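Take a look at the structure below.
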Amino acid sequence: MKPAHYVNGAFTAAGTAFPLRSPVDGREIGTVPEASRETVDEAVRAARAAVEGPWGRTSVEERCAYLRRIADGIEARFDEFVAAEVADTGKPRDLAATVDIPRAIGNFRSYADLAYGRPERAYPTTVPGWSGSGRALNYTVRRPLGVVAVISPWNLPLLLLTWKVAPALAAGNAVVAKPSEETPSTATLLAEVIDAAGLPAGAFNLVHGHGANAAGEHLTAHPGVDAIAFTGASATGSAIMRNAAAHVTPVSFELGGKNPALVFEDADLEEAVEGTLRSSFTHSGQICLCTERVYVQRPVYDAFVEALAERARGLRDYGPMISAEHRDKVLSYYRLAVEEGATVLAGGGVPVFGDARDGGYYVEPTVVAGLPQTARTVREEVFGPICHVAPFDDEDEAVRLANDSPYGLAATVWTTDLSRAHRVAPRIEAGIVWVNCWNLRDLRTPFGGVKASGIGREGGEYSLDFFSEPVNVCVKI
Ligand SMILES: O=C(O)C(=O)/C=C/C=C/O
């Protein structure tokens, strides 16, 4: 499958081709067309025609049937999607097969259920003294926003693309999606599945390319776009917001994080070690929800840190960074940590495999300690397999340390004292707090962050609310 744009119901490779490289060994595995400003404009116009035409005339039942057909279409080509996701990202196959692709199917099915079953409110109103009966009926209906731009990242390419496309379509919008230039393949397969599902031309459009001064910016700055949904780095979010300001375009942002883990002395230590190993090193730390700061109550600090470092040193089947540039950025933080005075307890460099992977973008899972809260390594998002560990003494200090960050996306709390869990979790400045678990997901729950970690929430009715406008109708009766 060759990455291609999908505009107004047709596939096209228009635009300058740029190389697609395997993060596993650096080999060129294909080329990707860079969408020009004209191609992006054509996609936005096609989306507008669809939402003002056949797609805008669909009922919620019809749209939910399309979503279910898309889910079935992904499922029918499951192995192709897994192979494409692994090829673009280098992530372990079992991760793509158990998380990325099943969740994409789940995203379409859950939003088909949620959108179909979504009630609206009505209020029988009495207004004493109002002319006539003094009575009215107020009810709410929802209108789609119109043309929605979706900008999705390279870490969970299909999961995060469909996490926005499914609710946007369910709510009746037409979509123009721009996936990361690093991971075009499953997005193109999704366009093939959507094409086969028979959605009206222009309901879903896909353009490939880079961000700044390229396809991404052409799309987010386009006056024909009615809303922007983006997952990615906070700095990019700021740039998109500047573009959106010109037309007061609403934005939904799921941005960066510097997620803390709090390990209390009463935690099940093995569970806390295993859980923090997963939350720090799954997909080599390239998940916005990953842990990069670990705070451990002093009585169990040495035992926990020694166990975590040993397990980190023992990791073997991990994947690479997405690109040479990202690998270099992560390694620059490994060097910075040492320059800032950190002790390296595990990793800190580049693994030597003695095979083709030595041409890829691998870095070692890394655990560092000994830095103050003011260190850049403790404040800035690395987005790689590194966590900093530090001790704390009491609950208030733990919460203060956790909240001492410009970010606020997710957190984990490890404790067997449930009163403590219910005291601490709501005090953490984050959108999601997991207790004695990590990344356990219910798609109906609010998902997103505070501070520099984003604007708004996704998931369940939160996404459907963002992708639609409530209209209150008041009828005098
Ligand atoms: O698990 C999810 O629903 C999700 O959206 C994960 C986002 C990760 C971002 O890097």
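Order of listing sets the numbers, starting from 1, for every ligand and every atom in it. Model, not experiment: these values are computed from the prediction.
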remark   = For N155, the ligand 1 atoms with a heavy-atom partner under 4.0 Å come out as 9 (C), 10 (O)

task = Quick one: do E254 and C288 satisfy side chain to side chain contact (heavy atoms under 4.5 Å, CB included)? Show the steps, please.
result = CA-CA 9 Å; E254 199 256 291; C288 57; 3.0 Å; yes

message = Taking the ring centre of each residue, are F11 and Y6 less than 6.0 Å apart?
response = yes

remark   = Checking heavy atoms under 4.0 Å, the part of L156 that sits near ligand 1 is side chain

message = Taking distance alone, with N or O pairs closer than 3.5 Å, would you say R103 contacts ligand 1?
response = yes

inquiry  = Students should be able to answer this: which protein heavy-atom is nearest to atom 8 (C) of ligand 1, and at what distance?
reply    = C288 SG, 2.8 Å

inquiry  = Is there a polar contact between ligand 1 and E254, counting only N or O atoms under 3.5 Å apart?
reply    = no

ask   = Who's the nearest protein heavy-atom neighbour of atom 5 (O) of ligand 1, and how far?
value = L160 CD2, 3.3 Å

inquiry  = Return the closest protein heavy atom for atom 6 (C) of ligand 1 as residue, atom name and distance.
reply    = F447 CZ, 3.6 Å

request  = Check whether NZ of the Lys or CZ of the Arg R357 lies under 6.0 Å from the centre of the six-membered ring of F353 and within 45 degrees of that ring's axis.
outcome  = yes

key: Audit row: S463, Y111, side-chain hydrogen bond (donor to acceptor under 3.5 Å, both in side chains) steps and yes/no   = CA-CA 9 Å; S463 293; Y111 280 112; 3.0 Å; yes

request  = Specify whether W55 and Y66 have parallel, tilted or perpendicular ring planes, treating 30° as the upper limit for parallel and 60° as the lower limit for perpendicular.
outcome  = tilted

Subset of ligand 1 atoms that lie under 4.0 Å from at least one heavy atom of W163 = 5 (O)

remark   = dist D195:CG -> E192:CD (nearest 0.5 Å) comes out at 8.0 Å

